[in-house]
Amino acid sequence: MAAAAPGDEIGARAMAMIADLARHTDEPGRLTRLYLSPAHRACADATAALMRDAGLAVSEDALGTIVGRREGPTPDAPTLMIGSHIDSVVNAGIYDGPLGVVCGILAADLLRNESLPFALEILAFGDEENVRFPTSLASSSALAGHFKPEWLEGRDAGGTSLREALLAFGGDPEGIAAIARDPARTLGYLEVHIEQGPVLEARDLAVGVVTAINGATRARCTVEGMAGHAGTVPMGMRQDALAATAEMIALVERAGTAARDAVATVGVCEVEPGALNVIPARTRFTLDIRAPDDAVRAALVEEIVSGCRAIAERRGVTFAEERFMDQAATAMDERLAAALETGAARAGEATIRLPSGAGHDAVATARLCPSAMLFVRCAGGISHNPAESIDAADAGAAVRTLVEAVRVLGQGAGG
Ligand code: GLV
Ligand code: MN
Ligand code: MN
């Protein structure tokens with residue numbers, strides 16, 4: 001790789017690297033790359049190769065996070081981390097996650113002949129989307145020492161446990177505790193990510209600096225009714241789990257709309273037995289509830305859960321809820337955010353500050369070290385959708401901002 005390149009060329013390199021990683025999918029014809037799947041394995045290996053090309057020493061931690069490291073000037077120098085994730089949602093866009101990993105790799109490449117007063121690490125996390133297992137930012141949480149051992153026993157839709165999948169991937173369930181970093185030796189964490197919203201595009205800006213990440217609650221819910229013959233059981237004598245669930249979903253939308261700045265989503269709903277002529281016996285659905293204000297979110301969760309219980313009682317079905325995420329809103333670190341802002345200015349980019357509605361690995365790293373994020377404009381604010389799209393020039397602006405921000409932090413750390 002070249003040591004320096006003009007902005008357009010850097011952007012083009014970023015786009016080519018992201019397109020290359022996007023070849024690794026579990027589903028032909030669309031991008032789905034779930035944690036610890038064969039596509040994740042292939043993408044992790046491809047990411048490791050990109051890191052080696054950038055002059056980084058590559059290792060893989062016990063949960064499959066790929067780490068590209070350049071040592072600091074002394075063995076006790078602290079580490080500045082730059083990262084994002086390489087897992088995806090189902091039928092994903094190609095930028096959510098890989099953009100941040102690739103920007104970090106290119107920044108390390110561009111800085112490779114410059115001395116820095118800290119070690120630099122680029123991280124490619126594997127479990128940000130939390131689509132496959134009932135986990136919560138498992139791979140980045142482990143870095144902060146917050147991996148919950150019971151997550152290993154959580155199972156995917158096919159019945160495979162995280163422990164089994166990790167072993168098949170080449171990971172090490174016994175080595176997870178050792179992933180935790182020493183906060184005293186960790187300078188901070190920077191993450192570049194597509195905005196996944198429309199604000200930067202509306203303001204005609206390539207990049208923006210994140211103020212805080214919204215809090216989130218997630219749960220898996222089960223409604224149990226009774227199967228019956230769709231032709232013979234009179235309407236008033238049914239315990240239809242799906243009809244009850246429909247009322248619950250309407251409540252989720254109504255309550256989410258009424259709560260200030262909140263959003264509430266049922267993204268998965270499975271019906272059993274799922275036959276045209278059988279009254280539904282059981283549903284399983286998910287809840288994803290987010291807000292910038294933790295008190296607003298807590299009240300909304302309570303309203304939805306107690307409302308679902310009331311609907312179940314009235315309809316003679318049962319409602320059970322298993323909460324697997326209750327994440328407070330996370331403020332970004334002011335010093336690192338200011339470094340990103342100065343970095344953008346030095347790269348010739350105007351910025352604004354904006355909050356993040358989506359969750360990110362920076363939520364987990366903020367429990368370990370100062371953390372900050374740079375958002376990159378995306379077309380139409382579209383994300384979690386194969387139509388996700390960014391400009392090469394904006395990717396170049398993000399890399400140059402990151403390089404300058406690392407230099408700013410280097411000057412600060414160097415005195
Ligand atoms: C991660 O993409 C999220 O769901 O916020
Ligand atoms: Mn993401
Ligand atoms: Mn995502």
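When a ligand or atom number is given, it counts from 1 through the structure's own listing order.
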Query - Nearby protein N/O/S atoms (those under 2.8 Å) for the Mn ion (ligand 3), with water ignored - result: D96 OD2, E129 OE1, E129 OE2, H384 NE2

Does any non-hydrogen side-chain atom of [Y] lie less than 4.5 Å from one of [X]?
{"X": "I213", "Y": "M373", "result": "yes"}
{"X": "V192", "Y": "L402", "result": "yes"}
{"X": "E341", "Y": "R353", "result": "yes"}
{"X": "V67", "Y": "V58", "result": "no"}
{"X": "R282", "Y": "T222", "result": "yes"}

Query raised in the report: So is H384 polar-close to ligand 1, meaning N/O to N/O under 3.5 Å?
Result: yes

Query raised in the report: Is the closest N or O pair between Q196 and ligand 1 shorter than 3.5 Å?
Result: no

Which of the ligand 1 atoms, numbered from 1, are nearer than 4.0 Å to a heavy atom of [X]:
{"X": "R290", "result": "3 (C), 4 (O), 5 (O)"}
{"X": "A358", "result": "5 (O)"}
{"X": "E129", "result": "1 (C), 2 (O)"}

Report task. Measure the distances from the heavy atoms of M325 to every atom of ligand 1 and state whether one is below 4.0 angstrom. Result -> no

Hey, can you pull the donor-acceptor pairs under 3.5 Å for the side chains in residues 86-106, sequence neighbours left out?
unit_1 : atom_1 : unit_2 : atom_2 : d
D87    : OD1    : H85    : ND1    : 3.0
D87    : OD1    : E128   : N      : 3.2
D87    : OD2    : E128   : N      : 3.0
D87    : OD2    : E129   : N      : 2.8
S88    : OG     : R33    : N      : 2.8
D96    : OD1    : H85    : NE2    : 3.0
D96    : OD1    : H193   : NE2    : 2.8
D96    : OD2    : Q196   : NE2    : 3.2
D96    : OD2    : H384   : NE2    : 3.0

Query raised in the report: When rounded to the nearest 0.5 angstrom, what is the spacing between CD in E321 and CG in L287?
Result: 7.0 Å

Report summary line: Value for CZ (R181) from CG (L368), rounded to nearest 0.5 Å, stands at 8.0 Å

Query raised in the report: Would you call R203-E201 a salt bridge at under 4.0 Å N-O?
Result: no

Query raised in the report: Where does Q327 meet ligand 1, judged by heavy-atom distances below 4.0 Å: at the side chain, the backbone, both, or neither?
Result: neither

Requested in this report: Between H360 and ligand 1, find which residue part has any heavy-atom pair under 4.0 Å and reply side chain, backbone, both or neither.
Outcome: neither

